[in-house]
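Each remark here refers to the structure printed beneath this line.
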Amino acid sequence: TAANDPGPWGTWANTVLNAASLLGDKVALRALREGEESGVKDYRAALKEVTAVTTPEVLDVYAWNLSREEEHVRQLDRLIAFG
């Protein structure tokens with residue numbers, strides 16, 4: 001079932017972005033990266049916890065989301081390095 005709201009990480013991301021003017025861009029980007037790294041960890045764990053009832057479609061969603069999270073981390077790393 002799809003979520004209807006941004007959830008705790010969405011709220012966290014908005015808080016970090018709103019505080020960026022006080023903390024500075026690098027601090028905000030690092031905080032966002034931390035959230036993305038948490039997502040990477042969660043999707044990797046989910047892919048390892050495959051059970052007999054886990055459908056191929058669910059595995060595809062986990063793998064797709066994992067690849068997106070990993071790309072977000074790489075993009076944030078580039079932004080932090082240039083900042």
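Hydrophobic clustering, defined by side-chain heavy atoms of Ile, Leu, Val, Met, Phe, Trp and Tyr closer than 4.5 Å, leaves Val61 isolated from every other such residue. Members clustered with Trp64: none, using a 4.5 Å side-chain heavy-atom cutoff among hydrophobic residues.
Taken to the nearest 0.5 Å, the CG atom of Leu47 stands 9.5 Å off from the CG atom of Asn65. From Ile80, atom CD1 reaches atom CZ of Arg78 across 11.5 Å, with rounding to the nearest 0.5 Å.
Tyr62 is linked by a side-chain hydrogen bond (donor to acceptor under 3.5 Å, both in side chains) to nothing, counting only residues two or more places apart in sequence or in another chain. Arg68 meets the salt bridge (Lys or Arg N to Asp or Glu O under 4.0 Å) test with no other residue; sequence neighbours excluded.
Screening residues 38-52 for salt bridge (Lys or Arg N to Asp or Glu O under 4.0 Å) gives Arg44-Glu70 as the qualifying pairs, with residues at least two apart or on separate chains.
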Using residues 27-40 as the side-chain source, report each donor-acceptor pair under 3.5 Å to any protein atom, sequence neighbours left out, with the distance given to one decimal.
{"unit_1": "Arg33", "atom_1": "NH1", "unit_2": "Asp77", "atom_2": "OD1", "d": "2.8"}
{"unit_1": "Glu36", "atom_1": "OE1", "unit_2": "His72", "atom_2": "ND1", "d": "2.9"}

